[in-house]
Protein chains: 2
Amino acid sequence: MPFDRSPSKAVTTSSLPKLKNVEVECSGCPIRHRAVCARCAPTELQRLEEIKYYRRYDAGQPIAWAGDDMGFVASVVKGVATISQTMADGRKQMVGLLLPSDFIGRPGRASTPYDVTAVSEVTLCCFRRKPFEQLLVTTPAVAERLLDMSLDELDAAREWMLVLGRKTAREKIASLLTIVARREATVGLSAMKGRIVVELPLTREAMADYLGLTLETVSRQISALKNEGILELDGKRRIVVPDIRLLMAETGDDMDGGLIA
Amino acid sequence: MPFDRSPSKAVTTSSLPKLKNVEVECSGCPIRHRAVCARCAPTELQRLEEIKYYRRYDAGQPIAWAGDDMGFVASVVKGVATISQTMADGRKQMVGLLLPSDFIGRPGRASTPYDVTAVSEVTLCCFRRKPFEQLLVTTPAVAERLLDMSLDELDAAREWMLVLGRKTAREKIASLLTIVARREATVGLSAMKGRIVVELPLTREAMADYLGLTLETVSRQISALKNEGILELDGKRRIVVPDIRLLMAETGDDMDGGLIA
DNA sequence: CGATTCCTTGAGACAGCTCAATTTCGGTGG
DNA sequence: CCACCGAAATTGAGCTGTCTCAAGGAATCG
């Protein structure tokens, strides 16, 4: 899921005159076919076109704090953001990872119960909440797509509950990396069999917050997997998986259904 | 294997020749105002009335296994069911608790990825999947309500991720009991201030599977809370909460926003 | 090239797990 | 109604995986 860092991968986070080019017409939008607007007919897109607007966030910048009135809902066009909850004493749990095409906000409710944070540079396609709610009524295609996306997210959340509740630290790390590696492979940059290079946008601490671990445990487990040859590190944020089957064997999952084709 | 507490047991929940009487007209349905049909106009209810049918499950009986083609979707009318996932080696994680008015099944997808099990005697109000999907298109009131309920479940799942990932055993137990107690109180049987009697249909093992703990740890934590006067046990399955604020103080949550009114 | 941030590694502590009795509850049959 | 039985719950004792605290070591950025 994570890393997008699409365009040219260039030199880390620099080299970005792009940003302006993201603001395109819906018809040419990179997430046109996956986002909440995916099922809209051209005439419906027209209406969206009229009320949408873009917002940009730098890496590390908050998009919303828990309790905030967001005033808008949005689709992630570009970049990675996290949804997290923090307890009074500082314990933190990530509860969602927002990738391009994912939806932010809840129609019918003004304030988010979660913190939303840009992890990399993020571009959102926003709609003011009220008009969007109106849209849900007048445009069934949007409502249907939103229901489907919400149910997908619910499934993802439930899968993560198994990871959090029942897996060992080692299995948790393997599960996270498998998901990222598989996504990376699906997007097509690497074959499912060969070496997969995972550009991981999360710090050890963010991974720990995702997995319900401490950053030290994350570090130790990654080191262990490295020493066993299951993965290789290339700098701090790049992980190479020589054979994803070896990694998948460490997730504790059933495994048979796996392997994309 | 969970518990029986089956049909007659008489006394306790008695005074209702029930079961047969559950099969009523929608207008007199106990979950009329909370279920997926909540926002239907009388004429729309009419249509539901025509295609609904009831199913009953005994305590402990499976409603669906992971991978099954369910063929129907349903509302829980009465009783408690669980949604769970099991790993190859037997580790199990509950990912949802289905109480009256909750919805089972996913429109647009034939097979569940989860095991669904009746924990107490359960009555479902069912709709065959295809007609229901049709209904979603023709009856916006149902689609809207379903979206809202799904988003509520997503919130609940995310809240549970925090519980699973970051809370201590004691906090986990307190969180579970608070949720059940609050729901019990909301339904109106007890005031939010006074003693709340929680009829808990879950075995220690089921609670453990919910919380990502072992049954021994669950037992120990409940004993500890009992010894501190935060809760009282009345038999095996009934828990009395003298002051829910004391219990809520043990959840680790912020607490201020709490207390219904 | 210096500073900061992030990562790694170590040593000891402890929450929750495992294994193992024992007790209690709730239903059943005498 | 009471004694008995099995399932579930409790409790104990020791073990272990993960956390905590702490000290370096690398990578990235200005």
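Throughout, a chain's letter reflects where its sequence line sits, starting with A, and its residues are numbered from 1. These numbers come from the heavy atoms of this one structure, side chains and all, not from hydrogens, waters or symmetry mates.
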Set of side chain to side chain donor-acceptor pair (under 3.5 Å) partners for A/Ser175, sequence neighbours left out | A/Lys167

Rounded interatomic separation in angstrom, taking CG from A/Leu215 and C1' from C/dT5 = 12 Å

Would you classify B/Leu233 as touching base, sugar-phosphate or nothing, given that sugar-phosphate means primed atoms plus P, OP1 and OP2, and contacts are heavy atoms under 4.0 Å?
-> sugar-phosphate

The ring pair (Phe, Tyr, Trp, His ring centres under 6.0 Å) partners of A/Phe72 (sequence neighbours excluded) come to none

May I have the distance from A/Ile239 (atom CD1) to C/dC7 (atom P), rounded to whole angstrom?
-> 10 Å

When the rotation axes relating C1' atoms of four end pairs to the next four are compared across the helix from C/dC1-D/dG30 to C/dG30-D/dC1, five pairs an end, they differ to 10° by 40°

Between B/Ser120 (side chain) and B/Val80 (backbone), is there a donor-acceptor pair under 3.5 Å?
-> yes

Figure out the CG/C1' separation between B/Asn227 and D/dA9, and round it to whole Å.
-> 14 Å

For A/Asp68, which residues count as a side chain to side chain donor-acceptor pair (under 3.5 Å) partner, sequence neighbours excluded?
-> none

Check whether any side-chain heavy atom of B/Gln93 lies under 4.5 Å from a side-chain heavy atom of A/Arg158, and answer yes or no.
-> no

Going by the side chain to side chain donor-acceptor pair (under 3.5 Å) test, name the single residue among A/Arg195, A/Lys226, A/Arg238 that passes it with A/Glu232.
-> A/Arg195

Give the rounded distance in Å between these two atoms: CG of A/Leu231 and C1' of C/dC7.
-> 15 Å

Find the distance A/Lys226:NZ to D/dA26:C1' and express it as a whole number of Å.
-> 12 Å

Contacts of B/Tyr210 that satisfy ring pair (Phe, Tyr, Trp, His ring centres under 6.0 Å) - sequence neighbours left out = B/Trp160

Atom pair distance, as rounded to whole Å: CD in B/Glu171 and C1' in C/dG16 = 14 Å

Counting heavy atoms from C-beta on, name the nucleotide in D/dA8, C/dT8, D/dT10 closest to the side chain of B/Arg237.
-> D/dA8

Take atom CG of B/Asp234 and atom C1' of D/dA9, then tell me their distance rounded to the nearest Å.
-> 15 Å

Examine distances only and state if a side-chain atom of B/Arg170 and a backbone atom of B/Ile222 form a donor-acceptor pair shorter than 3.5 Å.
-> no

Return no unless some side-chain N or O of A/Ser223 is found under 4.0 Å from OP1 or OP2 of C/dT9.
-> yes

Salt-bridge test for B/Lys236 and B/Asp234: reply yes if a basic N is under 4.0 Å from a carboxylate O, no otherwise.
-> no

d(CG, A/Leu225; P, C/dT8) in whole Å | 12 Å

B/S/- contact track for nucleotides 14-25 of chain D, protein heavy atom under 4.0 Å = ----SSBB----

